[in-house]
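The structure appears below as C-alpha cells.
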Amino acid sequence: MEKLVGKTVGLIACSDGRDHDSSVVSEVMELFSEMGITSVLASTIYHRGNTPFSGSSEERACQLMKFFKDEKIAAIFDISGGNSANHILPYLDYAVIRENPKPFLGISDLSVILNAIYARSTVPTFHYQVANLVGEHALEQRHLFRKLFLHDSDYATCMTFDYSWLRGKEMTGVLVGGNLRCFLKLAGTLYMPDPTNKIVFLESLGGRSSLIASLLSQLDQIGYFEHCNGVLLGTFTQMVVEKQEPSIEELVFKMTQKYQLPVAVTNQLGHGDDTHCLPIGTTLSF
C-alpha cells in the first residue's frame, strides 16, 4: 500500500459526531500538514443540533462512498465513536469499495464498518484511532504513525505490538473482530464475517465481568469460538481499572477451553491512548 507522504486523506465521522468545541479534528489536520499529508473533511464530522449524529444514515454513507470513489483520497480516517455506525451499513456500495480499495481506519463502534467492509468486499481495514496522535501518548503515537504510514514498512501486515500466550504457541488466519459489544451488532446480519479459519480480535472500553461474560457467551453461541483458529485478546479497560473478577483472561480461557483454542494477549490494542494499529481482513501469523 502506498505511503501517505504527499497524499490526501479523508477525515470522517460515521458513528456519533464530534462535539463542535472539540479541538481534536483541527489538531490532527495541523499535524498531518506538518507531516506532508493533506486532509479533507467530510461534511459529516460534527453532531447536528441536539442529536448525536453528524448527518442522516444516508448522508454519512454518501460521504464515505464519496471518499472511496475519489482517486485523490489515499486513506480514510474515521475520527468518531459511539453507537450509530451500523446505521449506514445498508447504504454502502460494497462493489464500488471492492473496485476502489483503500485503507479505512477507526476503532470502537467503527468495528461494525471495519468488519462489514471486509465481509462484503474483501477489502482489508484497520483498527486504529487517529485521534491518539494528539492524545496523552502523542510522541509515541506519532513515532508509530511515521513507522507505519510514512516510511517503508508494509502497514497492511505490520504487527508492532507485543503479545504473550494464554494457551497455545501459534495461530494463523484472517483477522476479524474489534470492540466486542459493537462487533456483536453484526450477529445475524449479512455484514458478520464467517468465523471459519479466522483469528478473532476482541477488546472493550466499558463492561464489568457479568456483561463481558454475557457477550462472550453470545459470541460462542453463534459459533465463533467453535470455528475460528484462535483469539487475540486486547485490553478490556473497565475490567482492568476496576480489577474485576473473574478477569477477562479467566473468562476467555474458560469459554474457549472446550475448543482448546490458541489465545494470545496484548495490552497494546484497545481504547488506550497508546494503542497500536491492527489490520482487519488480512492473514496474520502469531
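Nothing here was measured: the structure is a model prediction, and the numbers come from that model.
- I113 and Y91 fall into different hydrophobic clusters, where Ile, Leu, Val, Met, Phe, Trp and Tyr side chains are chained together by heavy-atom contacts under 4.5 Å.
- Across every non-hydrogen atom of Q129 and D78, the tightest pair is OE1-O, 4.1 Å.
- In this structure the side chain of M29 reaches within 4.5 angstrom of the side chain of L41, judged on heavy atoms.
- Nearest heavy-atom pair, D162 versus Q268, reported as atom, atom and distance to 0.1 Å: N-OE1, 2.6 Å.
- A donor-acceptor pair under 3.5 Å is absent between the side-chain atoms of T125 and the main chain of F104, judged by distance alone.
- With rounding to the nearest 0.5 angstrom, the OG atom of S22 is 7.5 Å from the CD atom of E27.
- Between the K66 side chain and the A42 main chain, no donor and acceptor come within less than 3.5 Å of each other.
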* Would you sort out whether L64 and I12 count as a side chain to side chain contact (heavy atoms under 4.5 Å, CB included), showing the intermediate values? => CA-CA 7 Å; L64 182 55; I12 197 168; 3.9 Å; yes
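- For the pair K3 (side chain) and L148 (backbone), a donor-acceptor distance under 3.5 Å is present.
- The hydrophobic clustering, which links ILVMFWY residues whose side-chain heavy atoms are closer than 4.5 Å, places L11 and V134 together.
- Expressed to the nearest 0.5 Å, how far CD1 of I79 lies from OG of S15 amounts to 13.0 Å.
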Going by atom type alone, with no hydrogens or angles, which donor-acceptor pairs under 3.5 Å involve a side-chain atom of residues 221-232 and a protein atom two or more places apart or on another chain?
{"unit_1": "Y224", "atom_1": "OH", "unit_2": "P193", "atom_2": "O", "d": "2.5"}
{"unit_1": "N229", "atom_1": "ND2", "unit_2": "T172", "atom_2": "O", "d": "2.8"}
{"unit_1": "N229", "atom_1": "ND2", "unit_2": "N197", "atom_2": "O", "d": "3.3"}

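- With sequence neighbours left out, the salt bridge (charged side-chain N to carboxylate O under 4.0 Å, His left out) criterion links K243 to no other residue.
- Residues passing the ring pair (Phe, Tyr, Trp, His ring centres under 6.0 Å) test with F32, sequence neighbours excluded: F77, F145.
- Separating the CG atom in L114 from the CZ atom in F201 is a distance of 10.0 Å, to the nearest 0.5 Å.
- You'll find the side chain of P262 reaches within 4.5 Å of the side chain of W165, heavy atoms only.
- The two residues K7 and A74 have their closest heavy-atom pair at CB-CB, 3.9 Å.
- Among residue pairs with one or both ends in residues 254-286, those qualifying as ring pair (Phe, Tyr, Trp, His ring centres under 6.0 Å) are Y163-F286; sequence neighbours excluded.
- Between the CD atom in E59 and the CD1 atom in I88 there is a gap of 12.0 Å [rounded to 0.5 Å].
- Under the 3.5 Å distance criterion, the side-chain polar atoms of R98 are matched with a main-chain donor or acceptor of R120.
- Here CG of L184 is found 4.5 Å from CD of Q218. Values are rounded to the nearest 0.5 Å.
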* Worked verdict on L205 versus Q238 for side chain to side chain contact (heavy atoms under 4.5 Å, CB included) -> CA-CA 6 Å; L205 174 60; Q238 184 173 2; over 6 Å; no
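- Placement of V240 and L269 in two distinct hydrophobic clusters is found when ILVMFWY residues are connected by side-chain heavy-atom separations under 4.5 Å, directly or transitively.
- If you run side chain to side chain contact (heavy atoms under 4.5 Å, CB included) between N132 and each of D274, V24, I107, D273, only D273 comes through.
- V174 places a side-chain heavy atom less than 4.5 Å from the side chain of Y118.
- Put simply, the side chain of T189 gets close to the backbone of L186: a donor and an acceptor are under 3.5 Å apart.
- Using modelled atom types, no side-chain atom of R18 and backbone atom of Y46 make a donor-acceptor pair closer than 3.5 Å.
- Considering all non-hydrogen atoms of both residues, D109 and N83 come closest at OD2-C, 3.0 Å.
- Partner of Y94 under the side chain to side chain contact (heavy atoms under 4.5 Å, CB included) criterion, chosen from V123, L89, L190: L89.
- Looking at heavy atoms from C-beta onward, C14 lies in side-chain contact with L110 at the 4.5 angstrom threshold.
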* Show the numbers, then the answer: is there a ring-ring contact (aromatic ring centres under 6.0 Å, His included) between F149 and Y128? => CA-CA 12 Å; F149 302 111; Y128 178 77; 5.6 Å; yes
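- Taking 4.0 Å as the cut-off between side-chain N and carboxylate O, R142 and E34 do not count as a salt-bridged pair.
- Here the closest non-hydrogen pair linking V96 and K69 is CG1-CG, 3.8 Å.
- Rounded to the nearest 0.5 angstrom, S204 OG and L233 CG are separated by 10.5 Å.
- Using modelled atom types, one side-chain atom of S111 and one backbone atom of N179 make a donor-acceptor pair closer than 3.5 Å.
- Across every non-hydrogen atom of Y191 and P90, the tightest pair is OH-CA, 3.5 Å.
- At least one side-chain heavy atom of I248 sits less than 4.5 Å from a side-chain heavy atom of I212.
- Side-chain atoms of Q260 come within 3.5 Å of backbone atoms of Q257 as a donor-acceptor pair (strictly under, hydrogens ignored).
- A donor-acceptor contact shorter than 3.5 Å is absent between the side chain of Q244 and the backbone of R208.
- A donor atom on one side chain and an acceptor atom on the other are not found under 3.5 Å apart for D16 and S80.
- Applying the ring pair (Phe, Tyr, Trp, His ring centres under 6.0 Å) criterion to F68, with sequence neighbours excluded, gives no partner residue.
- Under the salt bridge (charged side-chain N to carboxylate O under 4.0 Å, His left out) criterion, D220 pairs with K258, not counting sequence neighbours.
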* Asked: After noting the C-alpha distance and the side-chain angles of L278 and F161, does the key distance pass the side chain to side chain contact (heavy atoms under 4.5 Å, CB included) rule?
  -> CA-CA 9 Å; L278 181 68; F161 52 90; 3.7 Å; yes
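- Counting non-hydrogen atoms of neighbouring residues, nucleotides and ligands closer than 6.0 angstrom, the CD atom of E249 exceeds 12 such neighbours.
- With contacts defined as side-chain heavy-atom distances shorter than 4.5 Å, the pair D70/V40 does not qualify.
- K102 has its side chain out of reach of F67: every pair of non-hydrogen atoms, C-beta onward, lies at least 4.5 Å apart.
- No side-chain heavy atom of L251 sits less than 4.5 Å from a side-chain heavy atom of F236.
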* Given L215 and R181, is the side chain to side chain contact (heavy atoms under 4.5 Å, CB included) satisfied, shown in steps? -> CA-CA 7 Å; L215 297 177; R181 175 185 68 85; 4.1 Å; yes
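- A donor-acceptor pair under 3.5 Å is formed between the side chain of K198 and the backbone N or O of T196.
- Other residues, nucleotides and ligands contribute more than 12 heavy atoms inside 6.0 Å of the CD atom of E242.
- In this structure, L4 is a member of the same hydrophobic cluster as V25, with clusters built from ILVMFWY side-chain heavy atoms closer than 4.5 Å.
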